[in-house]
Amino acid sequence: MPTAKLLLVQDETSPKDLHLPLENLGYQVVGRISDGQQALERIVELKPDLVLVSIHLNGELGGISVGKQIYNDFDLP
(Lines give C-alpha, C1' and ligand atoms only; values in the text may rest on other atoms or scores of the structure.)
Protein backbone atom coordinates (compact mmCIF):
# COMPACT_ATOMS: atom_id res chain seq x y z
CA MET A 1 0.00 0.00 0.00
CA PRO A 2 1.45 3.42 -0.97
CA THR A 3 2.28 5.91 1.76
CA ALA A 4 -0.17 8.81 2.10
CA LYS A 5 1.46 12.18 1.37
CA LEU A 6 0.72 14.80 4.02
CA LEU A 7 1.17 18.57 3.85
CA LEU A 8 1.52 20.38 7.19
CA VAL A 9 0.29 23.97 7.27
CA GLN A 10 1.17 25.33 10.68
CA ASP A 11 2.22 28.62 12.25
CA GLU A 12 5.63 29.37 13.69
CA THR A 13 4.48 28.62 17.25
CA SER A 14 3.42 25.05 16.46
CA PRO A 15 5.83 22.28 17.44
CA LYS A 16 8.67 22.09 14.91
CA ASP A 17 8.86 18.33 15.26
CA LEU A 18 5.18 17.59 14.63
CA HIS A 19 6.21 15.79 11.45
CA LEU A 20 8.08 13.10 13.40
CA PRO A 21 5.10 11.31 14.98
CA LEU A 22 3.22 11.60 11.68
CA GLU A 23 6.11 9.99 9.83
CA ASN A 24 6.24 7.28 12.51
CA LEU A 25 2.56 6.59 11.73
CA GLY A 26 3.49 6.03 8.08
CA TYR A 27 2.75 9.40 6.49
CA GLN A 28 5.18 10.97 4.06
CA VAL A 29 5.35 14.67 5.03
CA VAL A 30 5.85 16.42 1.68
CA GLY A 31 5.98 19.96 3.05
CA ARG A 32 5.70 22.21 6.07
CA ILE A 33 4.36 25.67 5.30
CA SER A 34 3.44 28.47 7.72
CA ASP A 35 1.57 30.80 5.35
CA GLY A 36 -1.92 29.94 4.13
CA GLN A 37 -1.57 31.59 0.72
CA GLN A 38 1.72 29.80 0.09
CA ALA A 39 0.08 26.51 1.00
CA LEU A 40 -2.67 27.09 -1.56
CA GLU A 41 -0.08 27.94 -4.20
CA ARG A 42 2.11 24.87 -3.50
CA ILE A 43 -0.61 22.20 -3.34
CA VAL A 44 -0.49 21.60 -7.11
CA GLU A 45 3.29 21.12 -6.94
CA LEU A 46 3.39 18.97 -3.78
CA LYS A 47 0.33 16.81 -4.61
CA PRO A 48 -0.58 15.81 -1.03
CA ASP A 49 -3.26 13.25 -0.24
CA LEU A 50 -4.10 14.98 3.04
CA VAL A 51 -3.52 18.46 4.49
CA LEU A 52 -3.25 19.17 8.22
CA VAL A 53 -3.96 22.88 8.86
CA SER A 54 -3.49 24.86 12.09
CA ILE A 55 -6.18 27.40 12.91
CA HIS A 56 -3.64 30.20 13.39
CA LEU A 57 -1.34 30.81 10.42
CA ASN A 58 1.13 33.42 9.29
CA GLY A 59 -0.13 35.77 6.59
CA GLU A 60 -3.58 37.10 5.89
CA LEU A 61 -5.51 33.83 5.59
CA GLY A 62 -6.53 31.93 8.72
CA GLY A 63 -6.54 28.18 8.98
CA ILE A 64 -10.30 27.75 8.74
CA SER A 65 -10.43 29.74 5.49
CA VAL A 66 -7.47 27.85 4.08
CA GLY A 67 -8.96 24.50 5.06
CA LYS A 68 -12.27 25.32 3.39
CA GLN A 69 -10.53 26.52 0.24
CA ILE A 70 -8.33 23.41 0.08
CA TYR A 71 -11.38 21.20 0.42
CA ASN A 72 -13.46 23.14 -2.10
CA ASP A 73 -10.76 23.80 -4.72
CA PHE A 74 -8.72 20.60 -4.48
CA ASP A 75 -11.16 18.11 -2.90
CA LEU A 76 -8.57 17.25 -0.25
CA PRO A 77 -9.38 16.30 3.33
Ser34 and Asn58: side chain donor to acceptor below 3.5 Å: yes
Could you check if a side-chain atom of Pro48 sits within less than 4.5 angstrom of a side-chain atom of Leu6, using non-hydrogen atoms only? no
Heavy-atom side-chain contact between Leu52 and Leu22 under 4.5 Å: yes
Would a single hydrophobic cluster contain both [Y] and [X], if residues Ile, Leu, Val, Met, Phe, Trp and Tyr are joined by side-chain heavy-atom contacts under 4.5 Å?
X	Y	result
Val29	Leu57	no
Val53	Tyr27	no
Val51	Val30	yes
Leu18	Ile70	no
Leu61	Val9	yes

Tell me the closest heavy-atom pair linking Gln10 and Leu8, and the distance in Å. OE1-CD1, 3.5 Å
Nearest atoms (heavy-atom pairs only) where Arg32 meets Leu7: N-CD1, 4.3 Å
Checking the side chain of Asp49 only, and the main-chain atoms of Lys5 only, is there a donor and an acceptor separated by less than 3.5 Å? yes
Strictly distance-based, threshold 3.5 Å: is any side-chain N or O of Asp17 a donor or acceptor partner for the main-chain N or O of Leu20? no
Using 0.5 Å steps for rounding, measure from the NZ atom of Lys68 to the CG atom of Asp73. 13.0 Å
Rounded to the nearest 0.5 Å, how far does CD1 of Ile33 lie from CD of Glu41? 9.0 Å
Is atom CG of Leu46 surrounded by more than 12 heavy atoms (other residues, nucleotides or ligands) closer than 6.0 Å? yes
May I ask you to check whether over 12 heavy atoms, not counting those of Phe74, lie within 6.0 Å of atom CZ? yes
Suppose we screen for salt bridge (charged side-chain N to carboxylate O under 4.0 Å, His left out). Which residues come up paired with Glu60, at least two apart in sequence or across chains? none
